[in-house]
Peer 1: 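Provided herewith is a single structure, encoded as structure tokens, for subsequent inquiry.
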Amino acid sequence: MQFTLKVWRQKSQSSKGAIETYHLSDISEDMSFLEMFDVLNDKLIRDKKDPIAFDHDCREGICGMCSMFINGEAHGPGRNVTTCQLHMRSFKDGDTIYVEPWRSSAFPIVKDLTVDRSAFDRIIQSGGYVSVNTSGATQDANAIPIPKEDADSAFDAATCIGCGACVATCKNSSAMLFVSAKVSQLSLLPQGQTEANNRVQRMVNQMDAEGFGNCTNTGACEVECPKGISLTNIARMNREFMKSSVG
Amino acid sequence: MALSGLFLCLFLVGHLLGNLQLFVSGQQGADNFNLYAKFMTTNPIVKVLSYLTYFSIIFHMVDGLILTIQNRRARPKKYVIEKGKANSSWASRNMALLGTILLVFIATHMQNFWYVMHFGEISHYEIKGQNVKDLHHVVMSFFTPTSNSYAAFMVGFYVLSMLALAYHLHHGFVSAFQSLGLNHIKYNKIIEIVGAGFSVVVPLLFASIPLYVFIKHYL
């Protein structure tokens, strides 16, 4: 397969970036999108040029590192897949593919397609945890009966890998889907309920402080999320936030 | 945004029910409408509700403006290619544009009728000992080509504004429930159906009033 790639190149956070064009041929349809980038970078290195910086790690769709905005969609045209799990057979031979970094003032560009997502870490640090006694007298979690529905909903929310596709795809750069998944996975379970009120307040405040936009319920995040995190989590967080503001 | 929006949805229902009286023809219909208009401008409870409505419109507008500015700031650099239609509805992405059209409509609409009723030159007459302003005549002549040379243009403007309202409500109604945390698997479908129905029926009935008055002239 042959492709024309239009990739965003930017030397550093402060420098002005631009789209650059690359031509690739002999790409297998079974290659992942990242493997195609490996081929491109190999070519660039052999030509004594600067390879394209991009985030990646497990390449199994579970680590949340890969982050490319492909042809106007976070993680490209596939549904419920990350960029590393997107294969070249999803494109037509001869296609022109635009690849851009996540764009949000809260995710500053480090280089090329790599962005700094530590804003997410700071949101987690603000309250996305359960304070447990780890001194040895910890109660076995399995000893607490939990309704199957709650356990399933908590687990669904916990599948969020924190890749930031929701922020990247939202026209407002809102982080509501991410934060609501993290709030939900804890508050749905009895261990997380003790700190529920403080957690939602702190995490939402931190989210706002990081400069993410507001949710206008377009639903784009849910569609583009590689893990299919549901909008019901946002409604749950809104409920919890209002409840904790009153009580 | 959600609370003021839902309150304005309630206002729309009330306003529509009152305006549908314009479909009643003859002197009886005109008298009833004028008596209703007098009640709506003098009753103390309605006055409180009307101030609440003005406040909601202004709050909805200012809040929308603040949120839009914050959202623009959150993404200072736009994407070269953005495929919004792959993941969201057109209305959901253009609420600010639709809202701006509606603001222009509200200003025009209030100038056309509310201003005339309150401060303009309007003929009075007596019904059962009550002195009423003939707002019915103002509405009828406004949309009739022989008495208003801009009638066709105004009918077109009113109908297009109601189309904007339909799209605004199509996203706004359901969105308000989600913002208030009232999204739940059990009753999502009901909210969606009621929202879709509301966003079609209410603007359609509103738009039918100027159209009816305009077409009636040719019948």
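Small disclaimer: the values here were computed from a predicted structure and weren't measured. Only this structure's heavy atoms are used, side chains among them; waters, hydrogens and symmetry mates stay out. Chain letters run A, B, ... following the sequence lines, proteins first, then strands; residues in each count from 1.
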Peer 1: I'd like to check the salt bridge (Lys or Arg N to Asp or Glu O under 4.0 Å) partners of Asp156(A); sequence neighbours left out, ordered by chain and number.
Peer 2: none
Peer 1: Top residue by heavy-atom pair count (under 4.5 Å) with chain A, among Leu180(B), Leu67(B), Ile81(B)?
Peer 2: Ile81(B)
Peer 1: Has Lys78(B) got more than 12 heavy atoms of other residues, nucleotides or ligands less than 6.0 Å from its NZ?
Peer 2: yes
Peer 1: Using a cut-off of under 4.5 Å on heavy-atom pairs, state which of Arg79(A), Glu222(A), Glu224(A), Lys6(A) scores highest against chain B.
Peer 2: Glu224(A)
Peer 1: If we ignore hydrogens and angles and just use 3.5 Å, is the side chain of Tyr79(B) paired with the main-chain N or O of Gly72(A) as donor and acceptor?
Peer 2: no
Peer 1: When only pairs under 4.5 Å are counted, which of Ala220(A), Ser230(A), Pro77(A) shares the most heavy-atom pairs with chain B?
Peer 2: Ala220(A)
Peer 1: For Arg122(A), does the CZ atom sit with more than 12 other heavy atoms under 6.0 Å from it, leaving out its own atoms?
Peer 2: yes
Peer 1: Main chain of Ser105(A), side chain of Arg75(B): is a donor-acceptor contact present, judged purely on distance under 3.5 Å?
Peer 2: no
Peer 1: Does Phe23(B), at its CZ atom, have more than 12 non-hydrogen atoms belonging to other residues, nucleotides or ligands within less than 6.0 Å?
Peer 2: yes
Peer 1: Determine which residues belonging to residues 169-182 of chain A lie within contact range of chain B, meaning some heavy atom pair is under 4.5 Å apart, and list them by number or answer 'none'.
Peer 2: Thr169(A), Cys170(A), Lys171(A), Asn172(A), Ser173(A)
Peer 1: Heavy atoms under 4.5 Å from chain B: which residues of residues 86-101 of chain A carry them?
Peer 2: Tyr98(A), Glu100(A), Pro101(A)
Peer 1: With a 4.5 angstrom heavy-atom cut-off, is it the side chain or the backbone of Phe212(A) that approaches chain B, or both, or neither?
Peer 2: backbone
Peer 1: Considering only heavy atoms and a distance below 4.5 Å, find which of Ile19(A), Leu231(A), Ile70(A) pairs most often with chain B.
Peer 2: Leu231(A)
Peer 1: If I measure from the heavy atoms of chain A, does Arg73(B) come under 4.5 Å with its side chain, its backbone, both, or neither?
Peer 2: backbone
Peer 1: Considering residues, nucleotides and ligands other than Tyr212(B), do more than 12 of their heavy atoms fall under 6.0 Å from its OH?
Peer 2: yes
Peer 1: Is it true that, when you exclude Phe206(B) itself, more than 12 heavy atoms of the residues, nucleotides or ligands shown sit nearer than 6.0 Å to its CZ?
Peer 2: yes
Peer 1: Find the distance between CG (Asn214(A)) and OG1 (Thr68(B)) and round it off to the nearest 0.5 Å.
Peer 2: 9.0 Å
Peer 1: Kindly check if the number of other-residue, nucleotide or ligand heavy atoms within 6.0 Å of OH (Tyr150(B)) is above 12?
Peer 2: no
Peer 1: If you count the non-hydrogen atoms of other residues, nucleotides and ligands that lie under 6.0 Å from OH in Tyr54(B), is the total more than 12?
Peer 2: yes
Peer 1: Which pair of non-hydrogen atoms, one from Ala74(B) and one from Gly211(A), has the smallest distance, and what is that distance?
Peer 2: CB-O, 3.5 Å
Peer 1: By number, which residues in residues 236-244 of chain A have some heavy atom less than 4.5 Å away from chain B?
Peer 2: Asn238(A), Arg239(A), Met242(A)
Peer 1: Just wondering, more than 12 heavy atoms not from His170(B) lying within 6.0 Å of its NE2?
Peer 2: no
Peer 1: May I ask you to test the Asn71(B)-Thr216(A) pair for a side-chain heavy-atom distance under 4.5 Å?
Peer 2: yes
Peer 1: Before giving the answer on side-chain hydrogen bond (donor to acceptor under 3.5 Å, both in side chains), spell out for Asn217(A) and Ser92(B) the whole-Å C-alpha distance, their side-chain angles and the decisive distance to 0.1 Å.
Peer 2: CA-CA 7 Å; Asn217(A) 305 322; Ser92(B) 75; over 6 Å; no
